[in-house]
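Each remark here refers to the structure printed beneath this line.
As the structure is a computational prediction, the values presented were derived from the model and not from experiment.
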Amino acid sequence: MKTYRMQRHMGNLGRTLILLFFLLLVIMPMYWMAVTSFKTNAEIINAQQITYYPHEVTSENYVQLFQLYDYRQMLLNSLIVSVSTGLCITMLAILGGYGLARYTFRGKDMMLLFFLVTQMIPGILVIIPLYVIFSKLGMINTRLSLFFFYLISNLPFCVITMRSFFERIPYTLEEAAYVDGCSKMKSLVRIVLPVMFPGIVAVFVFAFIGAWNELIAGTIFINTSNLWTVPVGLKSLIGKYDVKWGVLMAGGVCALLPTAIMFAFMQKFVVEGLTAGAVKE
C-alpha cells in the first residue's frame, strides 16, 4: 500500500513538472509577446527595470502596424496563399492517397520512398533552382511562385498521410457501394470522404500552417512590399541598427489570431485525424 502511494505521488509530481514545463515553454512566450505589444517603446527598451506587465497600456503599436506598415495587406496575402495552397494540396492528397492505398501498380514502393526522401531534403536547397525556373517563367514577385513552392514542399507528406487514412477505412464499404450501383468516384465522394473527414481536416491544417509560417521563400521570391506575407513583413521590422519591438510583438499577436481561431473550431477534427490509425483494427 505504501509503495502504491509513493508511485501515485511520483506520478502526480511528474505531471506537475510537465505542466510547469509546458507553461514555461509555450504559455510564457505568448504572454510576453502579448504584454509587450501593449507597452510603450521606452518601457520595452528599459533594460534596467524589466516589467512583467505594461505599466502604461497603449495601443500605439497596433496603430503603427496597420497604418504605417499596411499589415492588413500582409494578412490578406498570407490568407490568399495559405488557403489556396491548403485547398489544392488537400484535393491532390485525396486523389494521390486514394490511388496509393487502393491500387497496386509497378513502381508504387519506389514512389512512396521518393516521397519520404523528399522530406529529408532541406527546402533551402531547391529554392535557388526554383528561382531560376520561376524567373524564366515570369513568376518572380507573384503569389503564384509562393503557391507552387508551398505545393511542392508540402504535398508529398500530405499524400503519405492521406494514404494512411484511406488504408484505415475498410474496402468493404466501397464494395457495398459498388453493389448499389455507385461508380468509383461517387463511392469516394459519398461514402469514403465523409468517414475520413477528420483526416481531411488534419491534412488541410498541416498544409495551411506550412504556408502561413514560411519565411525564406517569401523573402526570396517576393520583392515588393505590397505582396509580402506576414512572416516577411514582420522580418522587415528588424533593422540593422534598430528593432521595433512593440510593433513586432503586435504583429506576432495578429499573426497568431487566425491560426488560433482555426484550431479552436477544428481542434476536435485535427486530434481525431492525427490519432486515426494509431490502433490497428
Side-chain angles (χ1 to χ4, degrees), residues 15-83 85-86 143 146 201 204-219 222-271:
R15 285 191 289 271
T16 303
L17 292 176
I18 292 174
L19 179 60
L20 291 175
F21 178 75
F22 175 80
L23 290 174
L24 291 175
L25 189 64
V26 178
I27 304 299
M28 189 60 186
M30 294 173 61
Y31 167 79
W32 194 261
M33 179 177 64
V35 298
T36 304
S37 67
F38 290 101
K39 292 179 180 180
T40 61
N41 187 60
E43 186 176 354
I44 294 173
I45 64 176
N46 186 4
Q48 304 299 322
Q49 185 180 2
I50 299 176
T51 57
Y52 297 94
Y53 59 91
H55 289 175
E56 181 182 347
V57 180
T58 178
S59 60
E60 183 63 26
N61 296 320
Y62 290 91
V63 173
Q64 292 185 23
L65 181 68
F66 283 92
Q67 290 186 355
L68 298 181
Y69 299 98
D70 199 12
Y71 194 72
R72 188 179 293 104
Q73 183 63 41
M74 298 177 195
L75 287 173
L76 179 62
N77 293 333
S78 287
L79 283 174
I80 291 174
V81 174
S82 300
V83 172
T85 302
R143 298 191 187 101
L146 295 180
V201 173
F204 172 79
V205 169
F206 174 82
F208 180 90
I209 296 299
W212 182 268
N213 293 332
E214 203 280 331
L215 170 64
I216 298 177
T219 304
I222 302 299
N223 301 325
T224 56
S225 59
N226 64 314
L227 292 176
W228 280 350
T229 57
V230 169
V232 181
L234 295 180
K235 174 183 172 293
S236 67
L237 298 175
I238 303 175
K240 185 175 182 180
Y241 301 105
D242 182 34
V243 179
K244 296 176 176 59
W245 290 111
V247 182
L248 183 62
M249 294 299 105
V253 172
C254 294
L256 183 64
L257 288 178
T259 53
I261 294 172
M262 182 179 65
F263 272 105
F265 286 100
M266 298 184 177
Q267 178 183 7
K268 176 183 176 182
F269 301 110
V270 173
V271 173

Say whether, by atom type as modelled, one donor and one acceptor occur between the side chain of [X] and the main chain of [Y] under 3.5 angstrom.
{"X": "Ser37", "Y": "Ala34", "result": "yes"}
{"X": "Glu214", "Y": "Ile216", "result": "yes"}
{"X": "Glu43", "Y": "His55", "result": "yes"}

Would you check if [X] and [Y] make a side-chain contact, meaning some heavy-atom pair closer than 4.5 Å?
{"X": "Leu65", "Y": "Cys254", "value": "yes"}
{"X": "Trp245", "Y": "Asn41", "value": "no"}
{"X": "Leu234", "Y": "Tyr71", "value": "yes"}
{"X": "Val232", "Y": "Ile222", "value": "no"}
{"X": "Trp212", "Y": "Leu79", "value": "yes"}

Practice problem: Examine the side chains of Thr219 and Lys235 and answer whether a donor and an acceptor come within less than 3.5 Å of each other. | Solution: no
Self-check item: Distance-only side-chain donor-acceptor flag, Glu56 / Thr40, under 3.5 Å
Solution: no
Nearest-0.5 Å distance, [atom1] of residue [X] to [atom2] of residue [Y]:
{"X": "Leu257", "Y": "Leu75", "atom1": "CG", "atom2": "CG", "value": "9.0 Å"}
{"X": "Leu256", "Y": "Ile261", "atom1": "CG", "atom2": "CD1", "value": "9.5 Å"}
{"X": "Ile44", "Y": "Leu248", "atom1": "CD1", "atom2": "CG", "value": "9.5 Å"}
{"X": "Thr229", "Y": "Leu215", "atom1": "OG1", "atom2": "CG", "value": "7.5 Å"}

Shortest non-hydrogen contact between [X] and [Y], atoms and distance:
{"X": "Val230", "Y": "Ser78", "answer": "N-OG, 2.8 Å"}
{"X": "Pro54", "Y": "Val35", "answer": "CD-CB, 4.0 Å"}
{"X": "Ile209", "Y": "Thr259", "answer": "CD1-CG2, 3.6 Å"}
{"X": "Gly86", "Y": "Ala207", "answer": "CA-CB, 3.8 Å"}
{"X": "Tyr52", "Y": "Tyr31", "answer": "O-OH, 2.6 Å"}
{"X": "Met262", "Y": "Phe204", "answer": "SD-CE2, 4.3 Å"}

Exercise. For a side chain to side chain contact (heavy atoms under 4.5 Å, CB included) with Leu227, tell me which candidate from Gln73, Met74, Arg143 qualifies.
Key: Arg143
Quiz item: Any chance CD1 of Ile27 has more than 12 other-residue heavy atoms, nucleotides or ligands included, within less than 6.0 Å?
Solution: yes
Quiz item: Going by the angle between their ring planes, with limits at 30° and 60°, are Tyr62 and Phe38 parallel, tilted or perpendicular?
Solution: tilted
Quiz item: Passes side chain to side chain contact (heavy atoms under 4.5 Å, CB included), Asn226 versus Asp70? Steps please.
Solution: CA-CA 8 Å; Asn226 64 314; Asp70 199 12; 5.8 Å; no
